[in-house]
Protein chains: 2
Amino acid sequence: MSGVPELVVLRLLAQREMYGYEIARTLKVVSQGALTLGEGVLYPALHALETRGLLRALPRQVEGRTRIYYRLTPRGRRRLARLAANWQQLSEGVGRILGVADHD
Amino acid sequence: MSGVPELVVLRLLAQREMYGYEIARTLKVVSQGALTLGEGVLYPALHALETRGLLRALPRQVEGRTRIYYRLTPRGRRRLARLAANWQQLSEGVGRILGVADHD
DNA sequence: TCCTATACCTCGCCAAGCGAGGTATAGTCT
DNA sequence: AGACTATACCTCGCTTGGCGAGGTATAGGA
């Protein structure tokens with residue numbers, strides 16, 4: 001219905017390349033704790049997005065640790081636009097329902 | 001993650017008693033088409049909500065057809081408050097992610 | 001040595017979403 | 001009479017998604 005994890009991951013990566021752990025941290029900070037993706041959600045999501053050709057994986061060695069940076073592909077960018085529009089719709093729709101004084 | 005169907009159903013019923021078919025129609029109208037619950041979502045949701053004691057079912061015969069009106073219970077009202085707050089949180093969180101100019 | 005932080009991963013469960021199909025009545029149109 | 005539309009309910013079964021719990025490994029500080 002909402003596809004929030006996919007949406008927010010794509011949105012962050014539209015800014016710049018990031019690796020999984022970083023995405024998780026950033027999400028928490030930017031959303032002020034309102035949005036937290038557990039690793040059991042995040043990593044499978046990243047793999048799925050890569051498989052579907054929306055992300056490119058760029059593994060790098062940094063300070064002895066492996067980081068897999070992800071970069072948005074053009075398809076990913078289009079997908080993001082679609083999902084963002086959907087979210088906007090949904091969000092406004094729910095907003096209208098929540099805000100009904102009364103109807104019909 | 002979002003629990004949108006449950007939220008909007010409870011919200012509508014907080015206004016007044018309604019029956020399933022009516023809920024579906026109203027949802028569509030009020031949300032201006034942004035939000036549509038198929039019957040495969042709506043009816044199971046209503047049954048679940050009733051089982052969990054958040055709704056009371058009130059079957060009535062109207063013009064030769066059976067309508068099952070639903071009324072919010074006090075527990076349903078509390079649940080609605082909780083879900084609405086959650087939604088608010090989520091919605092704002094996603095909003096912040098979508099609106100990032102840049103961070104960190 | 002041990003703990004914490006960083007950084008990745010998968011398995012398996014449960015819940016949710018949702019299309020497709022089914023039943024039945026009332027009213028309208030041909 | 002027959003066909004079609006709108007109303008009104010229902011369930012089955014598939015697929016997706018979310019998510020906790022667990023596992024591996026390195027670096028650095030106590």
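Just the heavy atoms: all of them, side chains too, but no hydrogens, waters or symmetry mates, feed the values below.
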**OP:** Would you check if A:I23 and A:L46 make a side-chain contact, meaning some heavy-atom pair closer than 4.5 Å?
**Re:** yes

Atom pairs under 3.5 Å: protein N/O with N/O of nucleotides 15-20 of chain C:
unit_1: C:dC18; atom_1: N4; unit_2: B:G40; atom_2: O; d: 3.3

Original post:
Quick one: ring-ring contact (aromatic ring centres under 6.0 Å, His included) partners of A:Y19, sequence neighbours excluded?
Top reply: A:Y69

Original post:
Any idea which heavy atoms bring A:P44 and A:E39 closest together, and the distance?
Top reply: CD-O, 3.5 Å

Subject >> Nearest non-hydrogen partners of B:L10 and B:L80, listed with the distance >> reply: O-CD2, 3.9 Å

Original post:
In Å and rounded to the nearest 0.5 Å, what is the OG1 to CZ distance from A:T73 to A:R79?
Top reply: 11.5 Å

Original post:
What distance do A:L55 atom CG and A:H47 atom NE2 have between them, rounded to the nearest 0.5 Å?
Top reply: 11.0 Å

Looking at [N], I'd like to know if its phosphate oxygens (OP1 or OP2) sit under 4.0 Å from a side-chain N or O belonging to [X].
| X | N | answer |
| --- | --- | --- |
| A:H47 | C:dT10 | yes |
| B:Y19 | D:dA8 | yes |
| B:R25 | D:dA8 | yes |
| A:Y43 | C:dC9 | no |

**OP:** Please assess B:E22 against B:R67 for the test side-chain contact (heavy atoms from CB on, under 4.5 Å), listing each intermediate value before the final yes or no.
**Re:** CA-CA 10 Å; B:E22 189 188 8; B:R67 288 181 180 170; over 6 Å; no

**OP:** Applying side-chain contact (heavy atoms from CB on, under 4.5 Å), run through B:V8 and B:V30 and close with a yes or a no.
**Re:** CA-CA 11 Å; B:V8 295; B:V30 175; over 6 Å; no

Whole angstroms only, please: what is the [atom1]-[atom2] distance between [X] and [N]?
| X | N | atom1 | atom2 | answer |
| --- | --- | --- | --- | --- |
| A:L58 | C:dC8 | CG | C1' | 16 Å |
| A:L42 | C:dC9 | CG | P | 9 Å |
| A:Y21 | C:dT4 | OH | P | 13 Å |

Identify all pairs in which a protein N or O lies below 3.5 Å from an N or O of nucleotides 25-28 of chain D, and state each distance.
unit_1: D:dT26; atom_1: O2; unit_2: A:R65; atom_2: NE; d: 3.4
unit_1: D:dA27; atom_1: O4'; unit_2: A:R65; atom_2: NH2; d: 3.1

